[in-house]
Amino acid sequence: MSFFTDLAHQYIDGEWRPGKGSWDIIDFNPYNGEKLASITVATADEVDQAYRSAQDAQRAWGETNPYARRMVLERALRIVEERESEIGDAIVAELGGTRLKAAFELHLAKEFLRESVQLALRPTGQILPSPTEGKENRVYRVPVGVVGVISPFNFPFLLSLKSVAPALALGNAVVLKPHQNTPVCGGTLVAKVFEEAGLPAGLLNVVVTDIAEIGDALLEHPVPQVISFTGSDKVGRHVAMVCAANLKRAVLELGGNSALIVLDDADLDYAVDAAVFSRYVHQGQVCMAANRILVDRSVEKEFTEKFVAKVASLPVGDPADPQTVIGPLINSSQAEAISSLVEQTVAAGATALLHGRAEGNLVSPSVLTGLAADSPVLSQEIFGPVALVVPFDGEDEAVRIANDTPYGLSGAVHTGDIERGVRVGQRIHTGMIHINDGTVHDEPIVPFGGEKSSGLGRLNGDAMAEAFTTQKWISVQHGRSQFPF
C-alpha cells in the first residue's frame, strides 16, 4: 500500500530518510497478514541526531509568538479533518481497529488538537509578593525544551498526538518513538501532518526503532528533560528508573485493571450495555477497559444472563467490515497469550460462560466467572476480549474487591442513586471513576491519569502545562538590598 510505503522512513531534522540499522521492522496488517511496509530501524546515532536537531530548532520556537505556534496547530487540525477517511483506513489496516474504533480514535484526536490550539495561549506568569522591601517576584512558565514521547500500539495516532501536540503548542521540540507494531499511525503519519501544517524542520522528529537496537539511548540522552511514556507498567517502571537516574521528569500513563461495579439498584439493561462496551471496545486492548465486572449478588443472575447474551452476539471478523465489533489482536503473541490465559484460568476452576477461540489473530470473546478470590487473573491487566464476572455482597465488599489490585486507572459504578455512586466512587483508589457510564473515557480538559501501578502524573487541560513546561523565578529589586557583609 503506497500510503504506508510512502511513510516508511525515519523523519529527522525535516528530512525523510532510511534508517541506518542492520535490520528492518516489518509492518503487518494483523487481520490478514499483509505486509504494509518495511522500515530499517534507526540507530543510537540517529536518535542523537534527532535530539540534537530538536534542541537546535527549539530555541527559536520557544521564543515564537504563541499565536504563531497556534496557527500551526490549527493547520494540523484541518489536515486531519480533510484526511479523516484516509487516516481511518490506515487505523483499520495497521492495528486491526474496527470502523467504529477508528472513528472513536479520530474523534478524540481532533478534540485534543482543538485543545492544543488553545493551550498555546494558556501559560501565564505571576507576580508574587515578597517579604523584602522593594522586591518584585516574577514567576514565568517556560518550555522544558525537548520532550521524548514513546507511544503504544492500541490508540497510536491519538496517544502520539496527545503528547506531541501540547508539547509543541507550549514551545517545545519533540522526538517521538512509536510502537514497533504501529510505526506509521503512531509515528510517521503524525510527522507528515505537522510537516504539511508548516511546522519548522527539527521541531518534530520520528525515530522508528527498538530497544534491541538502541538500548536506553532514547531515555538516557542528555537533551530531553521530560519523557512521556504510554504503555505497560513493566516497561513504565524501567522508564521511571532510567529517568530518575538521569534526573528527568517522567510522565507515565500505564496499565489498568478497572472494575465496573453494578449495585443492587442499577438499571441492569443500561449497565450491561456499559459493561460490554467497556470490556470489548478494540478487542479489550484498552488500558481503561473493565477487566472485572463486579455485580451485587442480588442481581447477579439477571445481569449475567443479559451480559453473556449480548457478548455472544458481537460480530467477530474483518475490521474493515462496518458491522464488525471484535477485530484482531495486534499480533500472534498477544492472541496466543490471551488464549492461554483463558485455558489456564478455566483449568484452575473458573467457569467459562463463553469460551473464546482463536483463529489467527482473531480471538472471540470469553466471559469467565466462579473465580477463586486469590485467582491471579483478578489482579492483572488483561489486554484482550476476556471479561471476569465477580459477585459481591454489599458496597463494602464491592469496594474491597475493586481495590484489590496493584492498578488504579479507571472504573465505573452503576446505581439508581447518583450520590450513592459518588460515595462508592470516592472509596475506590483510582485516578478516574465514572458514575452510570463506561470505564473508557478521555476528554481534553479533565486530568487523565492513574494511581498505584497505573502511572505518574496527569495529562490533559492544565495538566499539560504542568507536564511540558517548568517555572522560572525572576526577582527584581527596585530598591537596594541590605547585605550582612
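Everything numeric here is computed off the predicted structure, so don't read it as measured data. If you read the sequence from its start, that first residue is 1, and numbering goes on from there.
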A.B. asks: Run V386 and L388 through side chain to side chain contact (heavy atoms under 4.5 Å, CB included) and show every step you take.
C.D. replies: CA-CA 7 Å; V386 181; L388 311 176; 4.3 Å; yes

A.B. asks: Just do the side chain to side chain contact (heavy atoms under 4.5 Å, CB included) check on N460 and M464 with the steps written out, would you?
C.D. replies: CA-CA 5 Å; N460 302 2; M464 294 296 197; 3.7 Å; yes

A.B. asks: Does a side-chain N-to-carboxylate-O contact under 4.0 Å join D56 and R52?
C.D. replies: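 R52 and D56: not salt-bridged.
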
A.B. asks: ring-ring contact (aromatic ring centres under 6.0 Å, His included) with Y407: which residues, sequence neighbours excluded?
C.D. replies: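 Result, ring-ring contact (aromatic ring centres under 6.0 Å, His included) vs Y407: none returned.
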
A.B. asks: Does E359 have more than 12 heavy atoms from other residues, nucleotides or ligands lying within 6.0 Å of its CD?
C.D. replies: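 At most 12 heavy atoms, drawn from other residues, nucleotides or ligands, come within 6.0 Å of this atom.
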
A.B. asks: Is E115 salt-bridged to R122, going by a charged N under 4.0 Å from an acidic O?
C.D. replies: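 Looking at R122 together with E115, the answer is yes, because their closest N to O distance falls below 4.0 Å.
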
A.B. asks: Can you sort out the partners of E451 under side-chain hydrogen bond (donor to acceptor under 3.5 Å, both in side chains), two or more places apart, ordered by chain and number?
C.D. replies: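 E451: side-chain hydrogen bond (donor to acceptor under 3.5 Å, both in side chains) contacts with R458.
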
A.B. asks: In a check of side-chain contact (heavy atoms from CB on, under 4.5 Å) between S163 and each of I150, L459, V251, V147, which one passes?
C.D. replies: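 Of I150, L459, V251, V147, side-chain contact (heavy atoms from CB on, under 4.5 Å) with S163 is met by L459 alone.
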
A.B. asks: Which word best sums up how the rings of F277 and F104 line up, parallel for under 30°, tilted for 30 to 60°, or perpendicular for over 60°?
C.D. replies: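 Plane angle over 60°, so perpendicular.
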
A.B. asks: When rounded to the nearest 0.5 angstrom, what is the spacing between CG in N154 and CD1 in I330?
C.D. replies: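 That separation rounds to 8.5 Å.
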
A.B. asks: Are D89 and R99 close enough, and set up right, to give a salt bridge (Lys or Arg N to Asp or Glu O under 4.0 Å), and what steps lead you there?
C.D. replies: CA-CA 8 Å; D89 289 344; R99 291 292 179 189; 2.7 Å; yes

A.B. asks: Can you see which heavy atom on C287 is nearest to which on E381, and at what distance?
C.D. replies: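 What the structure gives for the nearest pair is CA-OE2, 3.7 Å.
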
A.B. asks: What residues, two or more places apart in sequence or in another chain, satisfy side-chain hydrogen bond (donor to acceptor under 3.5 Å, both in side chains) together with K248?
C.D. replies: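 None.
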
A.B. asks: Does any donor atom in the side chain of S379 or N257 lie under 3.5 Å from an acceptor atom in the other side chain?
C.D. replies: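 The answer is no; no qualifying pair exists.
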
A.B. asks: Hey, could you give me the OG/CG distance between S228 and L176, rounded to the nearest 0.5 Å?
C.D. replies: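 Rounded to the nearest 0.5 Å, the OG-CG separation comes out at 10.0 Å.
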
A.B. asks: Return all side-chain donor-acceptor pairs below 3.5 angstrom for residues 317-329, not counting sequence neighbours, or 'none' if the list is empty.
C.D. replies:
unit_1 : atom_1 : unit_2 : atom_2 : d
D318   : OD1    : A320   : N      : 2.9
D321   : OD1    : Q323   : N      : 2.9
T324   : OG1    : D318   : O      : 2.7

A.B. asks: Without swapping roles, check the side chain of Y280 against the backbone of A289 for a donor-acceptor pair under 3.5 Å.
C.D. replies: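 No; judged by distance alone, with no hydrogens or angles, the pair does not exist.
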
A.B. asks: Please check if the side chain of N291 supplies one atom and the backbone of Q380 the other of a donor-acceptor pair under 3.5 Å.
C.D. replies: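 Pair found, side chain donor or acceptor close to backbone of Q380.
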
A.B. asks: For the backbone of P30 and the side chain of N361, can you confirm whether one donor and one acceptor N or O come within less than 3.5 Å of each other?
C.D. replies: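 Answer holds: yes.
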
A.B. asks: Quick one: CZ on F468 to CD on Q225, what's the gap to the nearest 0.5 Å?
C.D. replies: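 Between F468 CZ and Q225 CD, I get 13.5 Å after rounding to 0.5 Å.
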
A.B. asks: Determine, for E105 against K101, whether the closest basic-nitrogen to carboxylate-oxygen distance falls under 4.0 angstrom.
C.D. replies: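 Salt bridge present between E105 and K101.
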
A.B. asks: Could you work out, with salt bridge (Lys or Arg N to Asp or Glu O under 4.0 Å) as the rule, every residue matching R83, not counting sequence neighbours?
C.D. replies: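 So R83 forms a salt bridge (Lys or Arg N to Asp or Glu O under 4.0 Å) with E196.
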
A.B. asks: Does R70 have any side-chain hydrogen bond (donor to acceptor under 3.5 Å, both in side chains) partners at least two apart in sequence or in another chain, and if so, which?
C.D. replies: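 So R70 forms no side-chain hydrogen bond (donor to acceptor under 3.5 Å, both in side chains) with any residue.
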
A.B. asks: Show, in sequence, the C-alpha distance, side-chain angles and deciding distance for L36 and F28, and conclude whether the side chain to side chain contact (heavy atoms under 4.5 Å, CB included) test is met.
C.D. replies: CA-CA 5 Å; L36 302 174; F28 287 107; 6.0 Å; no

A.B. asks: Verify, without hydrogens or angle tests, whether N331 (side chain) and Q334 (backbone) share a donor-acceptor contact under 3.5 angstrom.
C.D. replies: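 Side chain of N331 to backbone of Q334, a donor-acceptor pair under 3.5 Å: yes, one is there.
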
A.B. asks: Which residues pass the ring-ring contact (aromatic ring centres under 6.0 Å, His included) test with F448, sequence neighbours left out?
C.D. replies: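 Residues passing ring-ring contact (aromatic ring centres under 6.0 Å, His included) with F448: none at all.
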
A.B. asks: Sequence neighbours excluded, which residues qualify as salt bridge (Lys or Arg N to Asp or Glu O under 4.0 Å) partners of E81?
C.D. replies: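 Per chain and number, E81 pairs via salt bridge (Lys or Arg N to Asp or Glu O under 4.0 Å) with R114.
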
A.B. asks: Run the salt bridge (Lys or Arg N to Asp or Glu O under 4.0 Å) test against R237 and tell me which residues pass, sequence neighbours left out.
C.D. replies: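 Per chain and number, R237 pairs via salt bridge (Lys or Arg N to Asp or Glu O under 4.0 Å) with no residue.
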
A.B. asks: Main chain of P385, side chain of Q283: is a donor-acceptor contact present, judged purely on distance under 3.5 Å?
C.D. replies: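 Looks like no, no N/O pair under 3.5 Å.
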
A.B. asks: Can you list the residues that meet the ring-ring contact (aromatic ring centres under 6.0 Å, His included) rule with Y140, with sequence neighbours excluded?
C.D. replies: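 For Y140, no residue satisfies ring-ring contact (aromatic ring centres under 6.0 Å, His included) once neighbours in sequence are set aside.
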
A.B. asks: Measure the spacing between NE2 of H434 and CG of L260 and express it to the nearest 0.5 Å.
C.D. replies: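 Output value for this atom pair is 10.5 Å.
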
A.B. asks: Go through the structure and list residues passing ring-ring contact (aromatic ring centres under 6.0 Å, His included) with F155, not counting sequence neighbours.
C.D. replies: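 With sequence neighbours excluded, F155 shows a ring-ring contact (aromatic ring centres under 6.0 Å, His included) to H282, given in chain and number order.
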
A.B. asks: Is the backbone of C185 close enough, under 3.5 Å, to the side chain of T182 for a donor and an acceptor to pair up by distance?
C.D. replies: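 Not at all, since once roles are kept as given, no pair shorter than 3.5 Å links the two residues.
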
A.B. asks: Just by modelled atom types, is the I433 backbone N or O under 3.5 Å from a matching donor or acceptor in the S410 side chain?
C.D. replies: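 Absent.
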
A.B. asks: Just one of L108, V193, L77 clears the side-chain contact (heavy atoms from CB on, under 4.5 Å) bar with L113, so which one?
C.D. replies: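 Single pass found, and it is L77.
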
A.B. asks: Quick one, E82 with R75, criterion salt bridge (Lys or Arg N to Asp or Glu O under 4.0 Å). Give me CA distance, side-chain angles, the key distance, then yes/no.
C.D. replies: CA-CA 10 Å; E82 291 165 1; R75 289 193 293 268; over 6 Å; no

A.B. asks: Donor-acceptor pairs under 3.5 angstrom involving side-chain atoms of residues 19-27: please list them, not counting sequence neighbours.
C.D. replies:
unit_1 : atom_1 : unit_2 : atom_2 : d
W23    : NE1    : E213   : OE1    : 3.0
D24    : OD1    : T40    : OG1    : 2.8
D24    : OD2    : S38    : OG     : 3.1

A.B. asks: When you measure from the side chain of W61 to the backbone N and O of L168, does any donor-acceptor pair fall under 3.5 Å?
C.D. replies: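 Such a contact is found between W61 side chain and L168 backbone.
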
A.B. asks: Strictly distance-based, threshold 3.5 Å: is any side-chain N or O of D216 a donor or acceptor partner for the main-chain N or O of L219?
C.D. replies: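 Checked: no pair found.
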
A.B. asks: May I ask you to decide if the ring planes of H414 and Y270 are parallel, tilted or perpendicular, using 30° and 60° as cut-offs?
C.D. replies: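 Rings of H414 and Y270: tilted, 30 to 60°.
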
A.B. asks: Return the orientation label for the F383 and F153 ring planes: parallel under 30°, perpendicular over 60°, tilted otherwise.
C.D. replies: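 Perpendicular.
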
A.B. asks: Please test R17 against Q10 for side chain to side chain contact (heavy atoms under 4.5 Å, CB included), starting from the C-alpha separation and ending with a verdict.
C.D. replies: CA-CA 5 Å; R17 58 170 90 164; Q10 311 295 332; 4.2 Å; yes

A.B. asks: Just so I know, are the side chains of P66 and R69 near enough to count as touching, which here means a heavy-atom distance under 4.5 Å?
C.D. replies: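 A side-chain contact exists here, since the closest heavy-atom pair is under 4.5 Å.
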
A.B. asks: Is K162 salt-bridged to D442, going by a charged N under 4.0 Å from an acidic O?
C.D. replies: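 Yes.
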
A.B. asks: Any Lys/Arg nitrogen of K306 or D273 sitting under 4.0 Å from an Asp/Glu carboxylate oxygen of the other?
C.D. replies: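 No, no charged N to carboxylate O under 4.0 Å.
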
A.B. asks: For the side chain of R357 and the backbone of S364, is there at least one donor-acceptor N/O pair under 3.5 Å apart?
C.D. replies: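 Not confirmed, R357 side chain does not pair with S364 backbone.
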
